[in-house]
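Throughout, residue positions are numbered sequentially from 1 according to the sequence presented.
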Amino acid sequence: MFGLISTAFAAEAAGHGEEAFYQSPEFWLGVAFLLFIIAISRPVARAVTGALDTRAAEIARNIDEAQKLYDETKAALESY
């Protein structure tokens, strides 16, 4: 058992165990992750933008309704 470990360390120390960066699974995992983030960013951005636009329209509608109620209340108060 110790002979196998020391043989592996010796091979690695001699430079036989090194591989190119593109042969590493971690490299391809990183590439896949970046591609996934790039692919998903546009639909997520559209969904967030749509939700914010809907919320802004609702707030504008509430402000208009409040202004209309204020004007009606002011007119009623002046008539009394």
Qualifying salt bridge (Lys or Arg N to Asp or Glu O under 4.0 Å) pairs, either residue in residues 45-61, two or more places apart: R55-E58

Name the atoms and distances for all side-chain donor-acceptor pairs under 3.5 Å in residues 65-80, with sequence neighbours left out.
from: Q67; atom 1: NE2; to: D71; atom 2: OD1; distance (Å): 3.1
from: T73; atom 1: OG1; to: L69; atom 2: O; distance (Å): 2.7
from: S79; atom 1: OG; to: A76; atom 2: O; distance (Å): 2.7

Under 3.5 Å, which donor-acceptor pairs do the side chains of residues 20-40 form with other protein atoms, sequence neighbours left out?
from: Q23; atom 1: OE1; to: A20; atom 2: N; distance (Å): 3.4
from: S24; atom 1: OG; to: E26; atom 2: N; distance (Å): 3.3
from: S24; atom 1: OG; to: E26; atom 2: OE1; distance (Å): 2.6
from: W28; atom 1: NE1; to: Y22; atom 2: O; distance (Å): 2.4

Transitive ILVMFWY cluster of I63, excluding itself - 4.5 Å side-chain cut-off: I59

